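As the structure is a prediction and not an experimental result, all values here were calculated from the model. Lettering of chains follows the sequences in order, A, B, ..., and the numbering in each one begins at 1. Only this structure's heavy atoms are used, side chains among them; waters, hydrogens and symmetry mates stay out.
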Number of protein chains: 2
Amino acid sequence: MSGAGARTVDVPDLVARARRGDPRAVARLISVVEGGAPQLREVMAALAPHSGGAYVIGLTGSPGVGKSTCTSALTTAYRRAGKRVGVLAVDPSSPFSGGALLGDRVRMNDHASDPGVYIRSMATRGRLGGLAEAAPQAVRVLDAAGCEVILVETVGVGQSEVEIASQADTTVVLLAPGMGDGIQAAKAGILEIGDVFVVNKADRDGADATVRELNHMLGLGAPRGPGDWRPTVTKTVAAHGEGVDDVVAALDKHRAWMEEHGELTARRTRRAAREIESIAVTALRARIADIGGDHRLGALSARIVAGELDPYAAADALLAEVTGR
Amino acid sequence: MSGAGARTVDVPDLVARARRGDPRAVARLISVVEGGAPQLREVMAALAPHSGGAYVIGLTGSPGVGKSTCTSALTTAYRRAGKRVGVLAVDPSSPFSGGALLGDRVRMNDHASDPGVYIRSMATRGRLGGLAEAAPQAVRVLDAAGCEVILVETVGVGQSEVEIASQADTTVVLLAPGMGDGIQAAKAGILEIGDVFVVNKADRDGADATVRELNHMLGLGAPRGPGDWRPTVTKTVAAHGEGVDDVVAALDKHRAWMEEHGELTARRTRRAAREIESIAVTALRARIADIGGDHRLGALSARIVAGELDPYAAADALLAEVTGR
């Protein structure tokens with residue numbers, strides 16, 4: 001499997017196999033996506049006609065709220081309903097975290113032998129554009145491979161992780177009692193991205209207080225119109241499967257609301273727009289690095305440090321070279 | 001003061017007054033910078049020859065570790081040494097946080113009547129490029145206004161906040177005992193940006209354990225060469241001024257090391273390069289939005305949702321229009 005991103009792959013064959021549900025083909029395609037391999041563009045072009053069938057659910061929350069447990073419980077619930085499920089667990093790319101923090105993933109082992117579930121962790125580092133760019137492409141792979149529900153789980157501590165979770169059809173924000181979570185959630189900016197809020201570990205002290213605090217903070221947000229979605233707040237003890245059906249019901253309700261209001265297509269279109277912009281900006285960054293960029297950028301930077309130039313004038317000079325305008 | 005960003009200002013006059021230390025002129029220039037006013041470029045060009053004199057110290061850490069208290073204590077220490085001090089407190093721009101979370105700022109009131117200290121909070125929202133772009137420009141204003149030490153304090157919860165704190169000559173990462181802080185710091189990616197680590201609230205249980213955990217995690221990072229800086233770890237009880245002299249000593253030591261190894265200029269040059277890139281990318285985003293971008297982007301996005309196009313091909317099409325290539 002090593003070096004999968006670098007080797008040349010037979011894209012049409014791989015896509016055909018992935019569409020038949022071959023887990024190794026799916027894994028290989030995600031590796032191409034994750035590694036930003038030369039054939040990334042070919043893969044994405046081949047997948048385009050086969051995407052759009054999956055319902056994408058983002059899950060995020062602070063470390064310790066039980067994201068993996070909830071993801072696992074939701075997987076069980078959707079499997080029981082006969083759906084094919086894809087799980088994408090996105091981890092921060094800190095050089096200090098690495099695999100060591102992936103311990104939670106073992107909770108997903110319940111599903112490891114189920115051919116109707118595809119589970120993948122992503123922790124790409126160093127790739128231009130990073131996870132925020134790679135994750136939606138990995139979702140497209142799972143989508144084309146026939147997953148009907150895709151759960152994208154991220155740690156809600158960094159801007160890019162929050163962004164990834166918000167790039168979903170429905171976004172679930174998880175909290176737990178007694179973590180001072182309300183204010184933390186507000187600071188991390190995850191309150192405004194939630195469609196469905198789940199207070200997990202609800203058998204602990206303070207669960208009702210957290211629900212109240214959450215309802216209060218949600219009420220402080222931008223005023224909603226009569227036709228707007230009002231985020232739901234439910235309680236779970238995901239480790240015992242308690243309340244999980246309520247979460248599924250809330251997800252179904254949000255989906256129905258989205259479809260009824262034309263919001264599903266609208267949201268997907270906005271998501272695609274952000275994706276295009278992100279890829280375009282990454283391509284431009286690469287172009288800046290390419291076109292003698294490093295040397296030129298170094299020279300401009302030295303002039304700023306010397307007080308001979310301001311950064312806006314320097315950016316103008318750089319852009320003129322890169323874009324030919 | 002309201003609408004300061006929108007009105008036309010006499011830039012040469014304002015810069016001259018700011019250089020004489022007039023706090024209202026400094027405030028006005030930062031408002032221009034923060035608001036992205038039309039005269040932003042003129043301001044930055046006027047400031048360029050007068051920048052580079054200040055030593056910039058970034059401070060970051062999770063909510064509750066005592067950042068404001070430490071910033072205040074360091075301000076006291078530098079004032080005692082006769083230095084002019086600028087403080088830039090950068091807050092997350094969540095629509096849910098707003099001014100309500102700025103309560104900590106009152107701790108800086110000790111310095112409010114000292115003409116040798118300039119304090120400013122920034123919480124810009126909605127501006128293209130955001131705080132990550134505005135903060136270095138605000139630092140330039142304080143620099144040109146004669147601040148010899150500039151403390152830039154950010155909450156270490158979002159990628160952009162961490163980025164701002166890392167855009168300093170020396171970066172201080174604060175932790176507190178008993179917050180499970182080590183692993184949180186690792187996940188937030190703030191371990192690798194610290195030159196000086198401070199375990200604050202060291203009179204609490206677990207301070208030594210946090211120091212040990214921190215030293216352990218720092219040892220797990222990328223191997224350092226013999227000439228590399230080894231981050232220092234000190235303990236403080238900033239609320240009582242305890243250990244603050246040790247932090248100042250660590251900062252002095254890091255500065256001396258930077259100068260000795262030519263690293264100060266190298267770091268400032270890299271910082272300028274990132275700044276140029278960031279401004280260039282923001283300008284390109286604006287151009288995408290301008291050149292019939294919104295309509296064009298919407299059309300491309302709709303084709304992606306319909307499965308007729310992949311996002312990479314769409315980005316290529318968009319870039320061809322924007323850059324003329």
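- Under a cut-off of 6.0 angstrom, the local environment of CZ in A:R267 is crowded, with over 12 non-hydrogen atoms contributed by other residues, nucleotides or ligands.
- The residues A:R41 and B:D316 are annotated as salt-bridged, a charged nitrogen and a carboxylate oxygen being separated by less than 4.0 angstrom.
- Between A:P311 and B:Q137 there is a side-chain heavy-atom pair separated by less than 4.5 Å.
- Within the 4.5 angstrom heavy-atom criterion, only side-chain atoms of B:R140, from C-beta onward, approach chain A.
- Contact annotation for A:R270: neither backbone nor side-chain heavy atoms come within less than 4.5 Å of a heavy atom of chain B.
- Expressed to the nearest 0.5 Å, how far OG of A:S301 lies from CZ of B:R271 amounts to 11.5 Å.
- Side-chain contact between A:D310 and B:E42 is absent, with no heavy atoms from C-beta onward closer than 4.5 Å.
- Taking chain B as the reference chain and counting heavy-atom pairs below 4.5 Å, the highest number among A:L47, A:I279, A:L300, A:I304 is found for A:I279.
- Here the straight-line distance linking atom CG of A:L309 with atom CD1 of B:I276 works out to 7.0 Å at 0.5 Å rounding.
- Rounded to the nearest 0.5 Å, atoms CZ (A:R303) and OG1 (B:T269) are 13.5 Å apart.
- Among B:E308, B:R274, B:E277, the residue making the largest number of heavy-atom pairs under 4.5 Å with chain A is B:E277.
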